[in-house]
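Contents: one structure, followed by commentary.
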Amino acid sequence: MRIRFGYVAMSTLLKDCSPSHTVTLGNLTKIESINDQRKRLATLARMNIASTTRLFHHNRAYDIKVFRLTSKLIPLATHPLLQDWDWPRELGADFRNLGSLAVRDGLRISAHPDHFTLLNSPREEVVQAAVKDLIYHDGIFSCMGLESAAKLVIHVGGSYKDKDNSLVRFIENFRKLPTPIKARIMLENDDKSYSAAEVLALCQQLKVPMVLDIHHHWCLNRVEDIADLLPAIFATWDEEIVPPKVHISSPRDDKNIRAHADYIDPVFLLDFLNIARGLDRDFDVMCEAKAKDAALFRLLDDLKNEKGLAFADQATIEI
DNA sequence: ACCTGTCAAGTCTGG
DNA sequence: CCAGACTTGACAGGT
């Protein structure tokens with residue numbers, strides 16, 4: 001049973017390696033010609049792709065096989081004013097090169113459209129923006145040549161004081177999505193509205209894989225025991241070619257339990273490993289800590305001192 | 001070189 | 001009912 005570890009989007013160790021360079025709309029529109037505006041955007045996107053390329057090399061050097069791309073690779077990509085910018089044409093070759101590196105290295109790639117991507121909003125314009133955002137993310141993966149194993153993790157959304165109808169709206173809007181987008185989506189339990197048991201039921205209904213977030217479950221659960229849910233959560237991955245995925249992070253402090261701490265307390269993971277051990281199934285762990293790769297390396301160091309944990313490589317444990 | 005406010009997104013709380 | 005909190009990394013402009 002192998003457990004691979006990864007981190008999110010950027011490195012706190014590599015210098016001058018932001019994959020999220022951007023520009024504000026106000027500053028962009030100070031550039032007079034539309035053509036020059038797009039040149040500026042493309043330049044920033046290429047800087048971001050170059051940083052991400054460095055991150056891939058960094059990952060390879062440390063055997064890291066699980067990585068989430070930033071959603072900000074292309075500045076203002078989903079902004080209404082840039083609707084008709086054909087960025088895949090301009091940046092396609094750059095993304096293809098980036099994607100071929102990921103494929104060569106066996107790097108599992110994902111992305112996480114942010115909290116404002118809401119498929120279940122009662123406001124039609126919000127749903128439309130969410131669909132646009134999903135299409136943007138899918139476009140990047142497609143340009144990179146990544147199949148549907150490269151997935152997009154999203155939350156169910158808001159509760160809008162009526163969870164039953166909010167769930168119905170999610171189901172309806174999900175079913176309307178283009179098939180290739182549906183094939184990329186995985187759903188995650190959140191820390192305020194939709195618990196692991198609720199998301200699991202939804203995933204089973206829609207035949208979508210579920211990402212379990214251990215920290216969120218700790219913040220919000222309806223007297224659910226994760227040991228009872230885990231076999232079914234992992235089973236949502238049975239038809240996938242990639243193993244189940246779990247998110248881990250630690251609460252920032254007693255006052256801000258939902259916020260993410262800089263580092264990860266290994267206790268959270270060790271408790272989970274004791275539950276998962278019985279299932280004897282490979283899975284991947286995404287570390288969501290403010291210190292990013294530095295937090296991952298510290299967690300791996302902490303795990304090295306645990307009895308019964310052997311390392312298959314620098315970032316994979318074997319039980 | 002550093003510091004502070006702003007951006008960009010939508011929901012939800014509280015006054 | 002609207003202003004502010006929430007979240008995040010980086011820009012933008014000032015010292």
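Naming convention: chains lettered A, B, ... in sequence-line order (proteins, then strands); numbering from 1 in each chain.
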Does the side chain of [X] get closer than 4.0 angstrom to OP1 or OP2 of [N] through an N or O atom?
X       : N       : result
T24(A)  : dT6(B)  : no
K30(A)  : dA12(C) : no
N27(A)  : dC11(C) : no
T117(A) : dG10(B) : no

Nucleotide nearest [X] when distance is taken to its side chain, options [options]:
X       : options                   : result
S20(A)  : dA10(C), dT7(C), dC12(B)  : dA10(C)
S18(A)  : dA12(C), dA10(C), dA9(B)  : dA10(C)
K192(A) : dC12(B), dT8(C), dG10(B)  : dC12(B)
K292(A) : dG9(C), dT11(B), dC11(C)  : dG9(C)
H21(A)  : dA10(C), dC11(C), dG10(B) : dC11(C)
A259(A) : dT11(B), dT7(C), dG9(C)   : dT7(C)

Candidate pair Y136(A) and W87(A), rule side-chain contact (heavy atoms from CB on, under 4.5 Å), full reasoning: CA-CA 10 Å; Y136(A) 156 70; W87(A) 61 260; 3.9 Å; yes

In terms of side-chain geometry, is the basic nitrogen of K245(A) or D284(A) positioned less than 4.0 Å from the acidic oxygen of its partner?
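No.
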
Minimum heavy-atom distance between G106(A) and K65(A), given as atom pair plus value
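Taking every non-hydrogen atom into account, O-CD, 3.6 Å.
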
Query - Validation row, ring centre F297(A) to ring centre Y7(A) under 6.0 Å - result: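 No, they do not, as the ring centres are separated by 6.0 Å or more.
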
